[in-house]
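Values reported hereafter were calculated over all heavy atoms of this structure, with side chains retained and with hydrogens, waters and symmetry mates removed. Here is how names work: the chains are called A, B, and so on, in the same order as the sequence lines, proteins then strands, and each is numbered from 1. Bear in mind that the values here come from a model prediction, so they are computed numbers and not experimental data.
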Protein chains: 2
Amino acid sequence: MTSVPRNGNAYADTCPTRMVLDRIADKWAVLVLGLLGDGPVRFNQLRRQIEGISQKMLSQTLKSLERDGLVSRRAIATVPVTVEYSITPLGQTLSATVDNLRIWAETHMEQVTQSQQQYDAAAA
Amino acid sequence: MTSVPRNGNAYADTCPTRMVLDRIADKWAVLVLGLLGDGPVRFNQLRRQIEGISQKMLSQTLKSLERDGLVSRRAIATVPVTVEYSITPLGQTLSATVDNLRIWAETHMEQVTQSQQQYDAAAA
DNA sequence: AGCTGTGAAGAAGGCACCTTCTTGTAAGCT
DNA sequence: AGCTTACAAGAAGGTGCCTTCTTCACAGCT
């Protein structure tokens with residue numbers, strides 16, 4: 001009998017799903033994948049499009065996503081050398097989900113911040 | 001002219017969407033909302049169902065989600081007093097999205113960990 | 001008095017996230 | 001030599017995440 005991929009359980013502490021969830025439930029990962037979903041992007045292009053992220057953090061995030069198999073890296077023989085990042089087929093299966101998370105944040109930002117203000121006022 | 005809710009932009013550093021995204025792109029938030037999506041749950045029930053979370057962290061996460069307007073809290077006059085948490089209408093609109101994130105992690109856990117192992121082996 | 005249960009939070013400490021600074025490599029320009 | 005560009009990463013330091021421990025309040029039990 002061939003082995004069948006088994007689903008993990010994110011509610012179980014010892015299951016590696018917890019680590020995977022921690023990896024993808026990350027704002028930088030969501031923002032990077034959101035951009036790569038539209039096509040390959042170079043490092044500095046990503047950096048310009050994601051305001052507030054440091055070069056260090058972007059490099060680190062891309063490395064992690066590459067390690068996860070969600071992103072692929074290709075050095076281009078320009079002068080100086082530039083690097084292009086693309087989403088992988090595995091990353092593509094996550095694309096719509098992370099986009100929905102970001103879109104929800106964008107469309108409900110006012111409601112959330114309003115609720116936070118009301119909560120803080122009631123607590124004061 | 002009545003004011004129209006404007007969408008945020010998560011790629012802009014100064015936009016509060018970044019903060020909202022940071023709030024919801026969080027493994028504990030995803031796991032808590034995933035359980036509350038099915039109906040009200042008591043604090044200790046949540047604690048038992050989410051393995052590995054400390055009482056401190058669960059309490060803090062629930063307080064943050066309440067402040068965000070995604071969760072509501074109701075004290076019940078039992079002996080001792082127990083507290084029941086429910087998802088709010090606003091939280092309900094996020095429910096499917098966070099479930100999809102968790103389900104993706106559960107169904108792709110093996111592919112991600114395999115990719116991580118291959119990456120680490122190639123780097124060694 | 002002690003203990004149990006519930007839920008909340010401060011303190012302490014370790015670890016991770018994150019920025020800034022710096023360095024490294026390489027090629028081209030002044 | 002200096003500078004620029006691109007990308008990667010170590011060091012340093014600050015902040016935040018997170019656990020553990022402890023305390024608190026309250027009611028009931030021994």
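Contact check for A:Arg74 versus A:Val83: no side-chain heavy atoms found under the 4.5 Å cut-off. Using a 4.5 Å heavy-atom cutoff, the side chains of B:Asp22 and B:Arg18 are not in contact.
In terms of position on DNA chain C, the residue among B:Thr82 and A:Asp26 whose nearest nucleotide sits closer to the 5' end is B:Thr82. A residue-by-residue look at A:Asn44 and B:Met57 shows that A:Asn44 has its nearest nucleotide of DNA chain D further toward the 5' end.
Spacing between atom CG of A:Asp22 and atom C1' of D:dC17 amounts to 10 Å, rounded to whole angstrom units. Note: CZ (A:Arg47) to P (D:dA8) measures 12 Å, nearest angstrom. If you take CG of A:Leu58 and P of D:dA6, they are 13 Å apart, rounded to a whole angstrom. In this structure, CG of A:Leu46 is placed 15 Å from C1' of D:dA8, rounded to the nearest angstrom. In this entry the distance linking CD of A:Glu84 with P of D:dA6 reads 16 Å, nearest Å.
In plain terms, the two heavy atoms of B:Leu90 and A:His108 that are nearest each other are CD1-CD2, 3.6 Å. Minimum interatomic distance between A:Gly37 and A:Ser95 (heavy atoms only, all atoms of both residues): CA-OG, 4.0 Å. Between A:Ala29 and A:Arg23, the shortest heavy-atom distance links the atoms CB-O, 3.9 Å.
In summary, of the residues considered (A:Leu36, A:Leu35, A:Val30), a side-chain contact (heavy atoms from CB on, under 4.5 Å) with A:Val32 occurs for A:Leu36 alone. Tested against B:Tyr85 for a side-chain contact (heavy atoms from CB on, under 4.5 Å), the candidates B:Leu58, B:Leu65, B:Leu62 yield a single pass: B:Leu62. Applying side chain to side chain donor-acceptor pair (under 3.5 Å) to B:Trp104 and the options A:Thr17, A:Thr97, A:Thr93 leaves one that passes, A:Thr93.
Remark: B:Trp28 is in phosphate contact with D:dC18, judged by side-chain N or O atoms under 4.0 Å from OP1 or OP2. Dashed line: the shortest gap from a side-chain N or O of B:Lys56 to OP1 or OP2 of D:dT23 is not under 4.0 Å.
Distance check, rounded to the nearest 0.5 Å: CD1 of A:Ile24 to CE of A:Met19 gives 10.5 Å. Here OG of B:Ser72 is found 9.5 Å from CD1 of B:Ile87. Values are rounded to the nearest 0.5 Å.
Within the nucleic acid shown, B:Gln55 comes within 4.0 Å of at least one base atom, counting heavy atoms only.
In the helix from C:dA1-D:dT30 to C:dT30-D:dA1, the end axes, each obtained as the rotation axis mapping the C1' atoms of four pairs onto the next four within a five-pair block, lie 40° apart to the nearest 10 degrees.
Hydrophobic clustering places B:Leu70 together with B:Met57 (ILVMFWY residues linked when any side-chain heavy atoms are closer than 4.5 Å, directly or through intermediates).
Looking at residues 64-81 of chain B, you'll see B:Arg73, B:Pro80, B:Val81 sit with a heavy atom under 4.0 Å from some atom of DNA chain C.
Reading DNA chain C from its 5' end, the first and the last nucleotide to sit under 4.0 Å from a heavy atom of chain B are C:dG5 to C:dA11.
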